[in-house]
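For ligands, and for the atoms within them, numbers begin at 1 and follow the listed sequence.
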Amino acid sequence: METWISGTTGLLCLLGSPVGHSGSPAMYNFSFQKQKIDAAYLAFDVKKDQMPQALDAMRLFKMRGGNITMPCKNVAATLMDELSPAAKIIGAVNVVVNDHGKLIGHITDGIGFVRNLKEHGVAIKDKRLVVLGAGGAATAIQVQAALDGARQVTIFNRQDEFYPRAEATAKKLAKAAPDVEVVIEHLEAADKLKAAIAAADILVNATTVGMKPNDGESLVNPDFIRQDLVVADTVYNPLKTKLIEDAEKIGAKVAPGKGMLLWQGAAGYKLWTGQDMPVKAYQAFEA
Ligand code: NAD
């Protein structure tokens, strides 16, 4: 039994349902111990309608903050005292900072994506992106890329219930980032996808395609990929999707989803503690 928990130990939490599979408690508690931060992180299974109570408990117990996961990210955004610019545009929150009773909501998925690219030597500024998808991960990437000065974001989505979300994102970005050109296309239009990728600097798969148990699937014909294209994926299970493997074979620079996951977590850690999460040490511990 570790003896690092004492009467002064602060609490951070994960709220959502289900939470039992989450890697966040292991990652954050490792980091707190490594940096001798007097805090502990626990996961609580909380449903959407319990969020007001859970956030009141966060205030009552003077928790430093926490993470919000599905299906509570949108409802949490409506319960915050303040939202970051990206969280305001997206209407979702995955990190809460408790600033002396004032709850500030952030969304760090897009921040993690941009940081992961940076770790691979790629800056987002002035770049042309093709983003496949219009769900949670895709929207976070589209918004953060626009806020961070990308030149163009072309969204491809199939004609499903997520397509209107692409239209809503484009509308919001026209106001929040008017210099960024946002284009929406149907994923079914293969010729348009080919032309858009040919004109792009960065291609991102932010759909669930390629994720287990459907690994081996990719939305992109390998012939569309060229050596000087950066290819990123949000999918982290498997660690290398078919898209990433195809891109590697062609010699393109790749940024798999595991890095985004790690850096979105590190962004939350920095917001709570003011310190850089010991990412390299955790990676070594996990390996
Ligand atoms: P979501 O359900 O919100 O969105 C799903 C998207 O996939 C939609 O755009 C939908 O149109 C598209 N899609 C689904 N099946 C498709 C198909 N057969 N053909 C074409 N498009 C299809 O999902 P999400 O939460 O945005 O997650 C997407 C992926 O990103 C998942 O694999 C998830 O694990 C991953 N993710 C990774 C991180 C990270 O930090 N790396 C963070 C969030 C999500």
Cluster link Val279 to Leu12, ILVMFWY, side chain under 4.5 Å
yes
Would you say ligand 1 has an N or O under 3.5 Å from any N or O of Ala134?
yes
Could you work out, for atom 41 (N) of ligand 1, the closest of Gly257, Pro256, Gly136, Ala137 by heavy-atom distance?
Gly257
Salt bridge check, Asp160 against Arg158: does any charged N sit closer than 4.0 Å to a carboxylate O?
yes
Among Leu187, Thr208, Thr207, Thr234, which residue places a heavy atom closest to atom 20 (C) of ligand 1?
Leu187
Closest protein heavy atom to atom 32 (O) of ligand 1, given as residue, atom name and distance to 0.1 Å:
Met211 SD, 2.9 Å
Is a side-chain N or O of Asn67 found less than 3.5 angstrom from the main chain of Asn94, in a donor-acceptor match?
yes
I want to know if ligand 1 touches Tyr236 in the polar sense, i.e. an N/O pair below 3.5 angstrom.
no
With under 30° as parallel and over 60° as perpendicular, where do the rings of Tyr28 and Tyr41 fit, or are they tilted in between?
tilted
How far is atom 22 (C) of ligand 1 from its nearest protein heavy atom, and which residue and atom is that?
Arg158 NE, 3.7 Å
Co-membership, hydrophobic cluster, residues Trp272 and Leu60, 4.5 Å side-chain
no
Decide, yes or no, whether a salt bridge links Asp191 with Lys194 under the criterion of side-chain N to carboxylate O below 4.0 Å.
no
Any chain of hydrophobic side-chain contacts (each under 4.5 Å) joining Tyr282 to Tyr236?
no
Pairs of nitrogen or oxygen atoms closer than 3.5 Å, one from Asn157 and one from ligand 1: do any exist?
yes
With atoms numbered from 1 as shown, which atoms in ligand 1 lie under 4.0 angstrom from a non-hydrogen atom of Asp160?
10 (C), 11 (O)
I need the atoms of ligand 1 closer than 4.0 Å to a non-hydrogen atom of Gly135, numbered in the order shown.
3 (O), 4 (O), 9 (O), 26 (O)
Any N or O of Gly133 that comes nearer than 3.5 Å to an N or O of ligand 1?
no
ILVMFWY cluster, Ile107 and Val204 together (side-chain gap under 4.5 Å):
yes
Are any of the N or O atoms of Gln264 closer than 3.5 Å to those of ligand 1?
no
Asp276 bridged to Lys270 by N-O distance under 4.0 Å
yes
Region of Val209 that comes within reach of ligand 1 [heavy atoms, distance under 4.0 Å]
side chain
For atom 2 (O) of ligand 1, what's the nearest protein heavy-atom neighbour? Residue, atom name and distance, please.
Phe162 CZ, 3.5 Å
